Amino acid sequence: MIPFRVYDRDKKLTWVVLNYHATPQGGEYLVAREDDSKDDGLLTTLTLAQMKTLRLVDFCDEQA
């Protein structure tokens with residue numbers, strides 16, 4: 001899976017989606033918060049319903 005960025009308009013946060021894990025409840029995405037700090041991003045999971053509310057920004061393909 002190629003990581004990609006999504007934007008949460010309500011919380012004004014950008015997340016980097018790292019992985020997807022299928023579950024009986026519909027699946028969840030492992031995401032890292034993207035910010036300007038030098039600390040590692042906060043890791044959390046988002047459900048499919050939460051992902052539907054976010055806007056796709058771009059893909060993190062480093063081969064460009």
Side-chain angles (χ1 to χ4, degrees):
M1 180 176 151
I2 297 174
F4 58 94
R5 288 183 197 58
V6 293
Y7 182 70
D8 184 341
R9 295 177 191 163
D10 297 332
K11 297 179 183 175
K12 305 211 183 323
L13 291 173
T14 301
W15 296 97
V16 178
V17 180
L18 302 171
N19 200 356
Y20 174 76
H21 178 72
T23 64
Q25 294 79 22
E28 58 188 17
Y29 292 85
L30 177 65
V31 297
R33 187 174 72 196
E34 182 176 84
D35 56 19
D36 294 333
S37 71
K38 297 205 184 249
D39 296 333
D40 289 339
L42 171 71
L43 289 176
T44 190
T45 58
L46 298 176
T47 64
L48 181 57
Q50 291 170 314
M51 285 293 291
K52 288 181 179 179
T53 66
L54 305 179
R55 184 177 62 93
L56 175 67
V57 176
D58 62 2
F59 289 92
C60 303
D61 189 12
E62 295 182 16
Q63 296 179 2

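The basis for the numbers below is simple: all heavy atoms, side chains too, and nothing from hydrogens, waters or symmetry mates. Keep in mind that what you see is a predicted model, and the values were worked out from it rather than measured.
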Give the minimum heavy-atom separation between [X] and [Y], together with the two atoms involved.
{"X": "Val16", "Y": "Cys60", "answer": "CG1-SG, 4.2 Å"}
{"X": "Leu56", "Y": "Phe4", "answer": "CD1-CD1, 3.6 Å"}
{"X": "Leu43", "Y": "Ala32", "answer": "CD2-CB, 3.7 Å"}
{"X": "Leu54", "Y": "Val6", "answer": "CD1-CG2, 3.6 Å"}

Is any side-chain heavy atom of [X] less than 4.5 Å from a side-chain heavy atom of [Y]?
{"X": "Val17", "Y": "Met1", "answer": "yes"}
{"X": "Tyr7", "Y": "Lys12", "answer": "yes"}
{"X": "Arg33", "Y": "Trp15", "answer": "yes"}

Q: List for me each residue that meets salt bridge (charged side-chain N to carboxylate O under 4.0 Å, His left out) alongside Asp10, sequence neighbours excluded, and say none if there are none.
A: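 Per chain and number, Asp10 pairs via salt bridge (charged side-chain N to carboxylate O under 4.0 Å, His left out) with no residue.
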Pairwise distance [atom1]([X]) to [atom2]([Y]) - rounded to 0.5 angstrom:
{"X": "Leu48", "Y": "Glu28", "atom1": "CG", "atom2": "CD", "result": "11.0 Å"}
{"X": "Thr45", "Y": "Met51", "atom1": "OG1", "atom2": "CE", "result": "11.5 Å"}
{"X": "Leu46", "Y": "Lys52", "atom1": "CG", "atom2": "NZ", "result": "14.0 Å"}
{"X": "Leu13", "Y": "Glu34", "atom1": "CG", "atom2": "CD", "result": "10.5 Å"}

Q) So Tyr29 and Tyr20, would you call those rings parallel, tilted or perpendicular, with 30° and 60° as cut-offs? A)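 Tilted: the ring planes of Tyr29 and Tyr20 meet at 30° to 60°.
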